J.: 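Dumping the structure here so I can ask a few things about it.
Residues: numbered from 1 along the sequence shown. Computed from a predicted model, the values in this text were never measured in an experiment.
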Amino acid sequence: MKNHITSCVCILISLFSVAACTEKHMLEYEYLAFDNREVGFAPQVISTLKEGEGDILFSNKSIQDFLLTDSLILIETGNGDGMLELVSRKSLETLYTCLASGNGEFEFPRGINLDLYTTLRSSDDSLFLDIYEGIKGNLFALNITESLQNKHTCISKRFHTGAPAYTSFWGKTVGDSLLIVKELTDMETRQTRNVYKNGEMSDHNLLEALNRVTLPAGEDFNLLSSLFASQPGGSRCVEVLIGLNYINIYSMSDEWCKTVCEEEEMASLSEVLSTSRANRRYLYAAVKSYPFGFAVLKHDITEKEYQQNSDYTVSVVIYNWNGDCLGEIQSDFKFTAFDIDPQQEYVYVLDAEGRLQRYPIDLKI
C-alpha cells in the first residue's frame, strides 16, 4: 500500500512538472510569421566558392561591412573619424572619406552600421545613403554624388521621428517617404515595427502579425531579432530572423505577404524556448537587396559554436521578391559580410581574416 501511495505521488509530481514546464512556454502566438507560408524546398547550388581562388581586393584595410553600387564600394571602417569610405570599384582607390562619431548635429554616436541603419536610394540623378540615427531619432540623407563631386560632405536631415533612445534595433527606409524602425517594447518582451511617413507615425495593419508576438518575461529578446532590407525603388521588404528558420517578405503598398522556410517544419517559439541558449540556432547573419530580389547570409550553427568561433562554413541563399528561391552560393570557408553584383555576376565577401575578396558566380536570374 505504501509503495502504491509513493508511486502515485511520484506520478503526480511528474505530471505537475510537465504541466509547469508546458505552462512556462505557453504562448499566444507561436510563430513570428504570416499565414501565407511556403515550406520544404531545397535551394539549387549555383556556385561554390573555394578558399584561395578569389581575387583579393583588400587585405589590410579596416572593413566592418560594405555595400556595392554600380561604380563604388561603400566601406564601413569602424573608425571614429571617417566612418564611411567611398572606393572606386574600377581603380580600388579611395575617392572620399566622411562621417564621424560624436554628438554633433551630423555625427553618429553609435556609428552608422550599414546593415542596420542605412539604405541606398536614387533620386534626381543622385545617389543617396539614408542613415537613421536612433538615439535622437533623426533620419539623415548623405548625397554621395554631390559629396564626391565637391569633395565636401553633403548631408541633410530628412526628418525627426521622436523614437525613444537606445531601443531601436534597426531603422531603414522604404522608397522615398517611409521609414521603418524596429524597437524593443513591453519590458523587453516584444519588438515592434513603427512606420513613419515623412516623419509622421503611420499605420500598416499587415505588420500587426509580427508586432503582436510576445516572449515570456526574462527570456532572451534576441529570439525575435531580425535583419531588414527593402526593394530598391519598390515597396517590398524582407526580414530574416536571426534565430528562427524562416524569412518574412511583405509589401508596404498593399496587403501582400509571405513566409518562406527551407525546412519541412517552421520552428515554434515554444520549441526554441525549450532549448538551452547555448544550443539554440544562429541562422541568418546578413541580408542584401536588389531590384530582382534579395540574398541572405546563412550560418546555421548553434549559439555556442558562434561564441566559440568554431570552424564552420557559410552560404548565400538568393530569392526573388515573390519568395521563390533562385539558388544558393556555397563556400568551403567562413565569411562575415557579402554583396552581389548581379550585372557582372560577382559576389564580394569579407572573410574571417578581414580580406575583401571577389568571386565570379553563375547567377541565373
Side-chain angles (χ1 to χ4, degrees), residues 22 25-47 182 190-191 193 205-215 219-220 222-231 235-252 254-275 279-290 292-303 305-306 312-331 363-365:
T22 303
H25 301 308
M26 187 68 68
L27 303 174
E28 184 176 2
Y29 302 104
E30 284 285 358
Y31 300 95
L32 187 68
F34 299 111
D35 291 335
N36 180 24
R37 303 171 183 178
E38 180 182 349
V39 301
F41 52 88
Q44 178 186 359
V45 177
I46 58 174
S47 293
K182 192 180 185 190
R190 197 160 62 97
Q191 295 184 24
R193 297 142 190 83
N205 295 332
L206 187 66
L207 296 179
E208 179 56 25
L210 308 181
N211 288 342
R212 67 190 180 183
V213 179
T214 304
L215 293 177
E219 274 294 341
D220 183 7
N222 286 308
L223 183 54
L224 302 180
S225 293
S226 61
L227 298 168
F228 176 96
S230 61
Q231 179 183 18
S235 62
R236 294 205 170 175
C237 308
V238 57
E239 283 192 44
V240 296
L241 299 160
I242 294 174
L244 297 170
N245 65 340
Y246 46 90
I247 296 170
N248 291 318
I249 315 161
Y250 52 89
S251 172
M252 292 301 293
D254 53 40
E255 295 299 309
W256 185 91
C257 60
K258 188 177 184 180
T259 297
V260 295
C261 175
E262 289 182 38
E263 300 171 19
E264 293 293 339
E265 292 187 9
M266 292 167 49
S268 69
L269 289 170
S270 291
E271 176 187 344
V272 179
L273 288 169
S274 299
T275 305
N279 291 320
R280 291 178 186 175
R281 297 169 75 182
Y282 175 46
L283 279 135
Y284 299 113
V287 57
K288 293 292 194 295
S289 64
Y290 312 95
F292 71 85
F294 59 92
V296 297
L297 178 58
K298 184 179 176 183
H299 281 187
D300 199 4
I301 56 176
T302 65
E303 283 288 340
E305 289 172 322
Y306 177 73
Y312 60 90
T313 59
V314 301
S315 66
V316 173
V317 187
I318 305 169
Y319 297 83
N320 65 24
W321 285 110
N322 290 322
D324 304 316
C325 187
L326 303 179
E328 181 176 22
I329 303 169
Q330 294 187 343
S331 73
L363 189 62
K364 300 173 181 178
I365 58 171

J.: I'd like to know if the side chain of Arg236 and the backbone of Ser251 have a donor-acceptor N/O pair within less than 3.5 Å.
T.: no
J.: Do you know which two heavy atoms are closest between Ile46 and Leu326, and how far apart they sit?
T.: CG2-O, 4.1 Å
J.: May I have the step-by-step check of side-chain contact (heavy atoms from CB on, under 4.5 Å) for Cys261 and Arg37, ending in yes or no?
T.: CA-CA 8 Å; Cys261 175; Arg37 303 171 183 178; over 6 Å; no
J.: Show the nearest heavy-atom pair for residues Leu283 and Leu241, with the distance to one decimal.
T.: CB-O, 4.4 Å
J.: Is there a donor-acceptor contact under 3.5 Å from the side chain of Ser289 to the main chain of Gln231?
T.: no
J.: Minimum heavy-atom separation for Phe34 and Leu206, please, with both atom names.
T.: CE2-O, 3.6 Å
J.: Indicate yes or no for a side-chain donor-acceptor contact from Glu208 to the backbone of Asn205 under 3.5 Å, with no hydrogens or angles considered.
T.: no
J.: Please report the closest heavy-atom contact between Arg193 and Asn211, naming both atoms and the distance.
T.: N-OD1, 2.7 Å
J.: Say whether, by atom type as modelled, one donor and one acceptor occur between the side chain of Asn245 and the main chain of Met266 under 3.5 angstrom.
T.: no
J.: Is the closest basic N to carboxylate O distance between Glu263 and Arg281 below 4.0 Å?
T.: yes
J.: With sequence neighbours left out, what residues match Tyr246 under ring-ring contact (aromatic ring centres under 6.0 Å, His included)?
T.: none
J.: Quick one, Tyr284 and Val296 - any side-chain contact, counting heavy atoms below 4.5 Å?
T.: yes
J.: Quick check against the 3.5 Å criterion: does Lys298 have a side-chain atom that pairs as donor or acceptor with the backbone of Val314?
T.: no
J.: Going by an N to O cut-off under 4.0 Å, is there a salt bridge joining Arg280 and Glu219?
T.: yes
J.: Applying ring-ring contact (aromatic ring centres under 6.0 Å, His included), name anything that partners Phe41, two or more places apart in sequence or on another chain.
T.: none
J.: Start with the C-alpha gap between Ile318 and Lys288, add the side-chain angles, then the distance that decides, and say whether side-chain contact (heavy atoms from CB on, under 4.5 Å) holds.
T.: CA-CA 10 Å; Ile318 305 169; Lys288 293 292 194 295; over 6 Å; no
J.: Whether the side chain of Trp321 engages the backbone of Val238 through a donor-acceptor N/O pair (distance < 3.5 Å, no angle test) should be reported.
T.: no
J.: Would you call Glu28 and Arg212 a salt bridge, taking side-chain N to carboxylate O under 4.0 Å as the test?
T.: no
J.: Would you call the rings of Tyr250 and Phe228 parallel, tilted or perpendicular, where under 30° means parallel and over 60° means perpendicular?
T.: tilted
J.: Are the side chain of Gln330 and the backbone N or O of Ser47 linked by a donor-acceptor pair below 3.5 Å?
T.: no
J.: When you compare the side chains of Asp220 and Asn222, does any donor N or O come within less than 3.5 Å of an acceptor on the partner?
T.: yes
J.: Using every non-hydrogen atom in the two residues, find where Lys182 and Leu224 come nearest and quote the distance to one decimal.
T.: NZ-O, 2.8 Å
J.: Would you name the heavy atoms of Pro43 and Val317 that are closest together and state the gap between them?
T.: CG-CG1, 4.2 Å
J.: Can a donor-acceptor pair be found, under 3.5 Å and without considering hydrogens, that links the side chain of Asn320 to the backbone of Phe292?
T.: no
J.: Holding to side chain to side chain donor-acceptor pair (under 3.5 Å), I want the full list of residues that pass it with Glu328, two or more places apart in sequence or in another chain.
T.: Ser315
J.: Given side-chain contact (heavy atoms from CB on, under 4.5 Å), test Leu223 with Leu273 step by step and report yes or no.
T.: CA-CA 9 Å; Leu223 183 54; Leu273 288 169; 3.8 Å; yes
J.: For the pair His299 and Tyr306, name the ring-plane relationship: parallel under 30°, tilted 30 to 60°, perpendicular over 60°.
T.: tilted
J.: Just by distance, do the side chain of Asn248 and the backbone of Leu32 share a donor-acceptor pair under 3.5 Å?
T.: yes
